[in-house]
Amino acid sequence: MKKGLIALSPLFVFIAFYLVTSIIAGDFYKIPITVAFMVSSIYAIIICNGKPLMQRINTYSRGAATEQMMLMIWIFVLAGAFAHSAKTMGSIDATVNLTLSLLPPQMILAGLFLAACFISLSIGTSVGTVAALVPIAAGVATETGTDVALMTAIIVGGSFFGDNLSFISDTTIMATQTQGCRLSDKFRVNVFIVAPAAIVILIVYFLMGTGVQTPQQIPPVEWVKVIPYLMVLITAILGMNVMAVLTLGILLTGLIGLLTGSFDIYGWFGAMGEGILSMGELIIITMMAGGMLELIRQQGGIDFIIRLLTRRVNGKRGAELSIAALVSLVDICTANNTVAILTVGRISKEVGDRYGVDNKKCASILDTFSCTVQGLIPYGAQMLIAAGLASLNPVSILPYLYYPFALGIVALLSILFRYPKRYS
């Protein structure tokens, strides 16, 4: 017990340091999240006993530079280059004007949520959805006088709708493979849990939208400057890799910007460079989080969580709750919902089989709770990209993440009240 808690303690240090210093300062935006990660990372290296200092640092560095971490960093780089060059060229303004001209004021919030749900369902990735839609949402927020953090949270929340349900989502594939069920069967269970949460939040956004005021004079839409975003959305929906999608967006932005005289070749390069530099803090956070979490894993922190949560399981309800808690805690420790499902998939299958949990319900629990937690942790890839594109502190988005909160509540109620009955 003691060893397991010590292994997990860097995570507690990070949370405590950030919360305590923010409360003392009276401002959650005054303490850079990078400093909190630096302190907890140094602490994680110090407590890693029994190994030479250089070996601990090497372990930390391996965690910071895994294939998945590097993939996220390349996405950050491309997203920054695309977003800033599109903004400089006028693509965001043109798309915002198009949105304002097509949607009535009361439908803007609900419309953005529906767009995020549809696109994420089509492309199966929350990261791609966030990268494509957050700049537009932030622009709409500025034009309508709406809170940018609220608009950003709408996109982040909607992106997890598809991440959780899509047939081509990594989490869906991983959950069904580890539990031995078909994608379509897991979808049938999952939709009973997801649909109520999505409908309630859609109604909430519609009601909130009644107070949104659009500008009296909406400038004419420059259709040619909307093309980069349309192409990004279309190619993403067709299933193109998110890095290829963003690269295509960068090339189109440059071509249209040069043809319309929005910038010259050096202006385009400068815009891309500024966009990449704006992602610097997110890249540092990603690497430090990866290194710290790797030390936690090496010290047995994740194994400790698994043993702790599965030793007193009793009955179906207890088994389902333990599986939900298991994947949630591991996701907090890894900041990656796909990795969390992969890590606990086998033990979840064993627990489910032992206590008679339907494998389709088990797969649904794994996917839903991992997406819920991933949508709420401020150091997850989706939140970091969204915060970077909207120029926000990730913590400022948290209070407005209505959909992930609603999804988690409905998923918990589905376990407690044995819903849907057919699969419980």
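Quick note: residue numbers are just sequence positions, from 1.
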Q: Look up atom CD1 in I234 and atom CG in L248, then write down how far apart they are to the nearest 0.5 Å.
A: 10.5 Å

Q: Apply side-chain contact (heavy atoms from CB on, under 4.5 Å) to the pair Y402 and M208, showing each step before the final yes or no.
A: CA-CA 12 Å; Y402 303 148; M208 291 175 65; 3.8 Å; yes

Q.
Restricting to non-hydrogen atoms, name the atom on V127 and the atom on A381 that form the minimum distance, rounded to 0.1 Å.
A. CG2-CB, 4.5 Å

(Q) Test side-chain contact (heavy atoms from CB on, under 4.5 Å) on L366 and M174; report intermediate values, then the result. (A) CA-CA 9 Å; L366 284 172; M174 193 64 66; over 6 Å; no

Q: Please examine the side chains of L109 and M151, heavy atoms only from C-beta on, and report whether any two atoms are closer than 4.5 Å.
A: yes

Q | Whether N58 side chain and M54 backbone form a donor-acceptor pair below 3.5 Å | A | yes

Q: Evaluate the side-chain proximity of F369 to I341: yes if any heavy-atom separation is below 4.5 Å, no if none is.
A: no

**Q.** Pair V189-D185, side-chain contact (heavy atoms from CB on, under 4.5 Å): steps then yes or no
**A.** CA-CA 7 Å; V189 181; D185 290 335; over 6 Å; no

Q. Side chains of M38 and I284: closer than 4.5 Å at any heavy-atom pair?
A. no

Q: Please examine the side chains of L8 and F304, heavy atoms only from C-beta on, and report whether any two atoms are closer than 4.5 Å.
A: yes

Q) What's the shortest heavy-atom distance between F160 and V156, and which atoms? A) CD1-O, 3.2 Å

Q: Find the distance between CG (L230) and OG (S91) and round it off to the nearest 0.5 Å.
A: 8.5 Å

**Q.** Inter-residue atom distance T368.OG1 - I193.CD1, 0.5 Å rounding
**A.** 5.0 Å

Q: Working to the nearest 0.5 Å, report the span between CE of M287 and OG1 of T66.
A: 9.5 Å

Q. Does a sphere of radius 6.0 Å around NZ in K51 hold more than 12 heavy atoms from other residues, nucleotides or ligands, not counting ones at 6.0 Å or beyond?
A. yes

Q) Hey, mind stepping through F17 and Y43 against ring-ring contact (aromatic ring centres under 6.0 Å, His included) and telling me if it holds? A) CA-CA 11 Å; F17 179 84; Y43 170 78; over 10 Å; no

Q. Where is the tightest heavy-atom contact between P228 and G249, given as atom of each residue plus distance?
A. CB-O, 4.4 Å

(Q) With rounding to the nearest 0.5 angstrom, report the CG to CH2 distance, L246 to W74. (A) 14.0 Å

Q | Any donor-acceptor pair under 3.5 Å from T178 side chain to K349 backbone | A | no

(Q) Any side-chain to backbone donor/acceptor pair from N359 onto G180? Under 3.5 Å, distance only. (A) yes

Q. In terms of side-chain geometry, is the basic nitrogen of R317 or E320 positioned less than 4.0 Å from the acidic oxygen of its partner?
A. no

Q. How are the rings of F263 and W268 set relative to one another: parallel (under 30°), tilted (30 to 60°) or perpendicular (over 60°)?
A. parallel

Q. For residues T59 and Q298, is any side-chain donor paired with an opposing acceptor at under 3.5 Å?
A. no

(Q) I'd like to check S348 versus Q179 (side-chain heavy atoms, cut-off strictly below 4.5 Å). Are they in contact? (A) yes

Q) Do L321 and L416 have side chains that get closer than 4.5 Å, going by heavy atoms? A) yes

Q) Any donor-acceptor pair under 3.5 Å linking the side chain of S262 with the backbone of M89? A) yes

Q | Heavy-atom closest contact (A83 atom, P135 atom, distance) | A | CB-CG, 4.3 Å

Q | Side-chain heavy atoms of R182 within contact of F187, under 4.5 Å | A | no

Q | G157 versus Y403, closest heavy-atom pair with distance | A | O-CD2, 3.1 Å

Q) side-chain contact (heavy atoms from CB on, under 4.5 Å) between N337 and D163: does it pass, once the steps are laid out? A) CA-CA 10 Å; N337 45 351; D163 199 334; 3.8 Å; yes

(Q) Are V77 and M279 packed together at the side-chain level, in the sense that at least one heavy-atom pair is separated by less than 4.5 angstrom? (A) no

Q. Looking at T372, T176, T172, which one forms a side chain to side chain donor-acceptor pair (under 3.5 Å) with D367?
A. T172

Q.
To check you understand the geometry: which heavy-atom pair defines the closest contact between G375 and L401, and what is its length?
A. O-CD1, 3.1 Å

Q. When the ring planes of F37 and F14 are compared, do they come out parallel, tilted or perpendicular, using 30° and 60° as the limits?
A. parallel

**Q.** Point-to-point distance, once rounded to the nearest 0.5 Å, from CG of L252 to CD1 of I227
**A.** 7.5 Å

